[in-house]
Amino acid sequence: MRKIAVLAAVGAATVCLALAQGKSPIIGLITKTESNPFFVKMKEGASKEAARLGAKFISAAGKQDGDNAGQVAAIENMVAAGAQTILITPSDSKAIVPAIKKAQAAGVQVIALDSPTEPADAVDALYATDNFKAGVLIGEYAAAQLKGKTLKIAMLDLFPGHPVGIARHNGFLAGLGADNIDADTPDLASTPQVVCSQDTFGDQAKGQTAMENCLQKNPDINVVYTINEPAAAGAFQALKAAKKTAAIFSVDGGCEGVRNVDKGVIVATSQQYPLKMAALGVAAGVKYAKTGVKAKGYVDTGVTLIAKKALAGIGSKDVKFGLANCWGN
Amino acid sequence: MSNPTARSETKNWLEKLPSVSVLGPLMALLLSIAFFATQHPNFFTLTNSALITSQVMVVAVLAIGQTLIILTAGIDLSCGMVMALSTMVMTKMAVDFGLPAPLTLLLGLLVSTGFGFLNGLLITVLKLPPFIVTLGTLNIAFAIMQIYTQAQTITVSDENSILLFFKQDISFAGITIGYGAGIALTLFLFTLGSWALSNTAPGRHLYAVGNNPEAARLTGIPTQRVLLLVYTLAGFIYGIAGWLSISRYGIGNPNAGSTENLDTITAVVLGGTSLFGGRGLLIGTIIGALISGVFRSGLTLMGARAEVQILITGILVIVAVAVDQLSKGKNSR
Amino acid sequence: MENIIFEARGLVKRYGQVTALDGTDFSLRAGEILAVIGDNGAGKSSLIKALSGATIPDSGDIFLDGKPVKFRSPIDARHHGIETVYQDLAVAPAMTIAENLFLGREILRPGLLAKLFRVIDHKKMLEEATQHMQGLKIGIRSMSQAVETLSGGQRQGVAVARSAAFAQHVVIMDEPTAALGVKEGNMVLDLIRRVRENGLPVIIISHNMPHVFEIADRIHIQRLGKRAAVVDPKKLSMSDTVAIMTGAMRTEDIPTEMLA
Ligand SMILES: Nc1ncnc2c1ncn2[C@@H]1O[C@H](COP(=O)(O)OP(=O)(O)O)[C@@H](O)[C@H]1O
Ligand SMILES: [Mg+2]
């Protein structure tokens, strides 16, 4: 049904792509889902920034995380609607590339937000968290906190093959001291300390199930890496039910996650900044419309380690900072 | 016909085969348990068995409703999303709006039952195919849930909330069964459902409607009313599954609901119930659900990739459906 | 006049331009087997449907035991003790013989709770099914085997037995032997006779003239939506009967002693 609507929209819209100077530029944002708080915040930021800079803002989303077809349709729609710049958080880093190429061939500037495409240069620019660094930060914190202990680690990942999942996972292990892993390691790496690896799809319930199974495999797990804060909350539930404790680390910095840092559910998390990604993207869109100059390369939108307890030699910010800069509610 | 033939004597136990359609699934379950037990010492333990059961219980209870519907030769794609919506009604109204949890629990059950009733109405009154109707209500429930919740997970932090009732462990003789209350509820529902399906007139009518709707109608069974009742009851069961899910995970989960429909159909099919309707046993469904859970747990312990579990489930489903199709061909001859 | 228990006068049924029943009469005597025959389109099915409640005639009257009745549905007719055996829609193959016999009117356990939840008395149903099937001399060993394990004739036997078990007044059968082989067809004919022996009159529609002549006490010939004649199969030959059916012989030309 969705497809039919899309086709109708494509048919109805006339392809009117021109760098119409004077007319307000059209900037589109395509998120992974409509309603994930991270993307809600991103959309909010982009919309505000567009209004401030006098651009017309349109948005669309996949139905759920991983919905590539929905994003492809959204790109086609936006091209048809005359968008000069499309900002996209790719659900499927590889599968989206042909659609992006087609849009670019029609003169549209495409900028990836939050997640890179594969290859990364398929888009004109990328404004995103350095996910490897996000992993490194929590990995280093874990190493400092648990110094001297024998680590038994559970890795609660996203799903197979996603570059963000790989970058955070590998960053965490590198931060813990694995020196054969770096930002260019292509796949999920492992070390002898890792006793269990599971996919969570970033979902709390699936995170809980994954952790339960890991605890069956190895009841002595004392460190848990999680792809995001909902998965961390699930892992915590599983530990609590099994009457065990382990140090949980995560990435995201959503408000709920920061509160969980405050409660001790999560030891430390790496906070990222969707608002900044959105603002940079919109600004680049307006610039392209005005000057015809496309944005280029990768801009790190920054990542901050949030922990309740500061450790010597580790640069972290406290919960108060985290709450002041968090997204979601 | 006037004198019993030798053939009907020798074939006697074979003739009862349709009613023991769960033998195959049971064998599959036992064999997979035996296999994984040899692979990892932690697999065949009481704790892990209880854990596996508690991991599949939400899908299993959902699949009770799906089984009833498939027995009538229908299908319900909306089950997971209706359940997810009911968990959001139960949790959000209690946590965010401060309504008493028993009331929000009832409201959640009302919503899921209402969706079941709506499915039933569209199928019986407008005579629309169940696949299409429930595809529609799947999307309606999804959209309502997204608008209503903004995809915010709701955590139930009040440990004494009735919404978490089934999270309680059950301890006896020094052993503790995690989520024992939920497991007990699941087993109770399956027992009750199996009993009702084979021992009450409405239960038998449900089979008749699925097996030969025209014959059922001509014998005076109100087939449309039976269908309406089945879809409505299924909706209610989805609400119970929602309650169970909140207890299990401590949250109202707006990301849930999109895969449970296939998970339940998988459980029903693995349990030996025919997608053509009228054949199958509810007990098979819990076996089917457990098969999935056993593979997930066993393969995790073995350190196998997650995809292997999906692969094996896929193969099992095809085998189960092929058996169904072949036995159907045999019977219609 | 013989004891007429089921009667219809001047039944009319129109489907748009087509007049399926054009003021047909009908009568069934106690304890007889009445065959209804006629060319395709003569209105046999329409007549039977009107008598079994499956359609409602536009006009005309139906009398059961001399009293006027109006059937609004097959269920309605069943409440009046009229049971119909349908050609091939009759059974739920995956269910047991006992269940099929009692489908829609299961024997319930005694007690208030059992009645409330409509709990089935499997044991009693099995016993009664066995008893009943034995009464009709249908030799099926186990009433708890699925109907789909039976041969076609045995299945039809189950359907006939079901009707005979519950009919208070009349059993109607639409082409009960059409789908069966020779041997099985004969088994069903035997069965129909036994139903009559048990005191129930039977209306049977059939295209199979040898079957009709073998079993019927009287033959109702339907033609062009009307009852052309009711004849005695012991007196009128098969070829003359067919001649009336096709219109080759006029009703007026039938010798009165051959009418029944
Ligand atoms: N439901 C119906 N709709 C329209 N015409 C019908 C319907 N049923 C019967 N007829 C017509 O009425 C006539 C009598 O049909 P029917 O009673 O089936 O005769 P028979 O059973 O003797 O072949 C035929 O012309 C048939 O086409
Ligand atoms: Mg006919």
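Chain letters run A, B, ... following the sequence lines, proteins first and then strands; every chain starts at 1.
To the nearest 0.5 Å, atoms CG (B:L51) and OG1 (A:T209) are separated by 8.5 Å. With values rounded to the nearest 0.5 angstrom, A:L215 atom CG is found 11.5 Å from B:T47 atom OG1. Atom CG of residue A:N260 and atom OG1 of residue B:T155 lie 7.5 Å apart, to the nearest 0.5 angstrom.
Two residues are said to be in side-chain contact when any heavy atoms from C-beta on lie closer than 4.5 Å; B:N139 and A:K63 meet this criterion. Between B:Q150 and A:P37, every side-chain heavy-atom pair lies at or beyond the 4.5 Å cut-off.
For B:F43, no part lies near chain A; criterion is any non-hydrogen pair under 4.5 Å. Looking at A:Q208, only its side chain comes within 4.5 Å of chain B, counting heavy atoms on both sides. For B:T153, the part lying under 4.5 angstrom from a heavy atom of chain A is the side chain only. Heavy atoms of A:E212 lying under 4.5 Å from chain B belong to its backbone as well as its side chain. With a threshold of 4.5 angstrom between heavy atoms, A:N213 approaches chain B through its backbone and through its side chain. In this structure, the portion of B:T45 lying under 4.5 Å from any heavy atom of chain A is its side chain and not its backbone.
Within 6.0 Å of the OH atom in B:Y148, the count of heavy atoms belonging to other residues, nucleotides or ligands exceeds 12. When the shell of 6.0 Å around NZ of A:K308 is examined, it contains more than 12 heavy atoms from other residues, nucleotides or ligands. For B:F165, the CZ atom counts as loosely surrounded, since its 6.0 Å shell holds 12 or fewer non-hydrogen atoms of other residues, nucleotides or ligands.
No side-chain donor from either of B:N253 and A:K206 sits under 3.5 Å from a side-chain acceptor of the other.
The minimum heavy-atom distance linking B:Y249 with A:A205 is given by the pair CE2-O, 3.5 Å. Taking all atoms of both residues into account, the shortest heavy-atom contact from A:K217 to B:N42 is O-ND2, 3.8 Å.
Options B:R296, B:R248, B:M302 differ in how many heavy-atom pairs under 4.5 Å they form with chain A, and the most are formed by B:R248.
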